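See structure below.
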Amino acid sequence: MDCYVGFRNGDGEPSDALLSQRRLLDSNEKHVLAAGSLGWGKTDWLIVQATIEALSFPKNVILMGRKTLGALKKSTLVSFFDLVDPKIVTRHDKAEQSITFLNGSKIFYMQLDESREAMQKVKSMNLGAVMIDQIEEITENVWIACIGQMRRKNSSRRSFATANPNGHSWVWNRWIKKGGRKGYFCEQGAIWREGVPPPRSQDEVTLMHCDNPNLPWDYIVDRLEQPERWVRRYVYGSWDNFE
């Protein structure tokens with residue numbers, strides 16, 4: 001069966017992984033984080049990584065979550081079905097909130113907050129991998145509960161996450177501070193380099209200044225026109241504690 005598993009460009013055509021995405025895919029650390037500015041391809045990497053985990057280990061069970069189910073459905077799941085070839089998916093059970101692959105692997109997607117219902121669901125799972133979009137939105141206790149269920153034998157038993165900078169939070173302490181802890185890997189990206197004048201055309205949006213040259217140049221210009229603190233965090237990817 002011919003199918004494509006991988007990244008796509010702005011026109012929906014298959015494309016190579018960006019350099020930052022490739023470094024994430026090549027990492028062998030236990031806990032992998034894609035961090036930095038908006039729009040450089042963090043969620044796309046997370047979707048491709050989840051698909052690799054599902055296809056590499058038959059009958060795998062993967063948890064994919066975000067703080068709110070609404071945000072997950074409107075963002076993460078939309079990206080999932082844009083990127084993943086439908087030929088390798090046999091069922092999307094919206095009631096069970098699961099996606100089943102041809103080899104029997106399943107992704108369960110859910111809300112990750114500290115509610116009793118959410119924690120009971122997590123603690124009942126036998127997981128092979130954990131995928132969290134916007135990990136800075138959830139608490140450290142929730143993340144610890146999720147990775148505490150990674151005990152499935154035929155699996156990598158690894159966690160993967162994305163984050164936008166959020167000051168010196170628990171995410172910063174684990175992945176960023178002094179280069180991160182042992183077993184942790186973080187790749188940080190930015191859609192524009194600090195100190196570089198805004199682009200004036202698409203030709204100026206290159207890897208020299210932008211970690212995702214597929215972005216429209218006027219999108220970057222608009223982001224650079226926002227308040228300075230917002231730009232430093234969501235364009236340059238700064239973890240400074242602005243409080």
Side-chain angles (χ1 to χ4, degrees), residues 1-8 12 24-25 30-34 41-163 171:
M1 179 182 65
D2 294 329
C3 66
Y4 174 72
V5 178
F7 298 94
R8 299 181 186 276
L24 287 161
L25 291 171
K30 184 79 170 179
H31 305 294
V32 182
L33 176 70
K42 302 185 299 297
T43 299
D44 284 359
W45 158 74
L46 190 71
I47 298 303
V48 171
Q49 188 74 64
T51 307
I52 291 172
E53 292 288 313
L55 297 181
S56 298
F57 302 98
K59 297 185 179 180
N60 201 358
V61 176
I62 300 166
L63 169 62
M64 179 177 288
R66 191 166 174 175
K67 183 177 181 179
T68 68
L69 186 60
L72 189 148
K73 287 181 175 180
K74 292 176 182 178
S75 177
T76 318
L77 277 190
V78 170
S79 296
F80 181 92
F81 289 109
D82 281 343
L83 287 173
V84 177
D85 195 318
K87 294 177 184 176
I88 63 174
V89 174
T90 59
R91 187 181 184 191
H92 177 200
D93 189 327
K94 295 181 180 179
E96 187 183 55
Q97 294 174 192
S98 68
I99 299 166
T100 305
F101 291 81
L102 281 173
N103 65 351
S105 290
K106 281 191 174 185
I107 292 177
F108 288 92
Y109 57 89
M110 62 177 290
Q111 178 169 307
L112 293 177
D113 56 21
E114 289 196 333
S115 67
R116 183 177 179 181
E117 180 183 5
M119 289 299 92
Q120 284 180 336
K121 284 183 180 179
V122 169
K123 291 176 181 178
S124 69
M125 295 176 136
N126 179 6
L127 299 173
V130 170
M131 309 278 166
I132 300 180
D133 203 7
Q134 305 302 138
I135 194 173
E136 82 281 3
E137 298 175 347
I138 70 171
T139 66
E140 188 172 21
N141 287 338
V142 170
W143 182 73
I144 291 172
C146 292
I147 64 171
Q149 301 307 114
M150 296 193 304
R151 57 178 185 267
R152 199 167 197 86
K153 290 185 177 180
N154 183 34
S155 69
S156 71
R157 295 180 295 282
R158 300 171 69 202
S159 80
F160 308 88
T162 71
V171 176

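Just so it is clear, the values below take in all heavy atoms, side chains as well, and ignore hydrogens, waters and symmetry mates. Being a predicted model, the structure only gives us computed values, none of them experimental. We're numbering straight along the sequence, starting at 1.
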Side chains of [X] and [Y], heavy atoms from C-beta outward: is any pair under 4.5 Å?
| X | Y | value |
| --- | --- | --- |
| Ile147 | His31 | yes |
| Ser75 | Gln134 | no |
| Met119 | Val142 | yes |
| Ile47 | Val84 | yes |
| Asp44 | Val48 | no |
| Asp85 | Thr51 | no |
| Asn60 | Arg152 | yes |

Taking the side chain from Arg158 and the backbone from Glu53, do they hold a donor-acceptor pair closer than 3.5 Å?
->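 No, the answer is negative, given that no donor and acceptor are paired below the 3.5 Å cut-off.
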Answer yes or no: is there a donor N or O on one side and an acceptor on the other, between the side chain of Lys67 and the main chain of Leu72, under 3.5 Å?
-> no
Looking at [atom1] of [X] and [atom2] of [Y], how far apart are the two atoms once the value is rounded to the nearest 0.5 Å?
| X | Y | atom1 | atom2 | result |
| --- | --- | --- | --- | --- |
| Asp133 | Lys42 | CG | NZ | 8.5 Å |
| Thr162 | Arg66 | OG1 | CZ | 7.0 Å |
| Phe108 | Thr100 | CZ | OG1 | 7.0 Å |
| Ser159 | Leu127 | OG | CG | 11.0 Å |
| Asp82 | Leu77 | CG | CG | 11.0 Å |

If you look at every heavy atom in [X] and [Y], which pair is closest and at what distance?
| X | Y | result |
| --- | --- | --- |
| Gln111 | Ala118 | O-CB, 3.8 Å |
| Gln97 | Leu69 | OE1-CD2, 3.4 Å |
| Asn141 | Glu114 | CB-OE2, 3.5 Å |
| Ala161 | Leu46 | N-CD1, 4.0 Å |
| Ile107 | Met64 | CG2-CB, 3.8 Å |

The criterion is side-chain hydrogen bond (donor to acceptor under 3.5 Å, both in side chains); which residues satisfy it with [X], sequence neighbours excluded?
| X | answer |
| --- | --- |
| Asn103 | Ser105 |
| Gln49 | Trp45 |
| Ser115 | Asp113 |

Salt bridge (Lys or Arg N to Asp or Glu O under 4.0 Å): pairs with one or both residues in residues 118-128, sequence neighbours excluded = Glu117-Lys121
Leu112 and its side-chain contact (heavy atoms from CB on, under 4.5 Å) partner, picked from Ile135, Ile132, Val130 |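 So the option named by the test is Ile132.
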Just one of Met125, Met131, Met150 clears the side-chain contact (heavy atoms from CB on, under 4.5 Å) bar with Ile62, so which one?
-> Met131
If you look only at pairs with a residue in residues 72-106, which of them pass as a ring-ring contact (aromatic ring centres under 6.0 Å, His included), with sequence neighbours excluded?
-> Phe81-His92, His92-Tyr109
Residues which pass salt bridge (Lys or Arg N to Asp or Glu O under 4.0 Å) with Glu140, listed by chain and number, not counting sequence neighbours | Arg174
Verdict with reasoning, Ile99 to Val89, per side-chain contact (heavy atoms from CB on, under 4.5 Å) | CA-CA 7 Å; Ile99 299 166; Val89 174; 3.8 Å; yes
Evaluation steps, side-chain contact (heavy atoms from CB on, under 4.5 Å), between Val32 and Leu24 = CA-CA 7 Å; Val32 182; Leu24 287 161; 3.7 Å; yes
From CA spacing to verdict: salt bridge (Lys or Arg N to Asp or Glu O under 4.0 Å), Arg91, Glu96 | CA-CA 11 Å; Arg91 187 181 184 191; Glu96 187 183 55; 5.8 Å; no
Quick one: do Val122 and Met110 satisfy side-chain contact (heavy atoms from CB on, under 4.5 Å)? Show the steps, please.
-> CA-CA 9 Å; Val122 169; Met110 62 177 290; 3.8 Å; yes
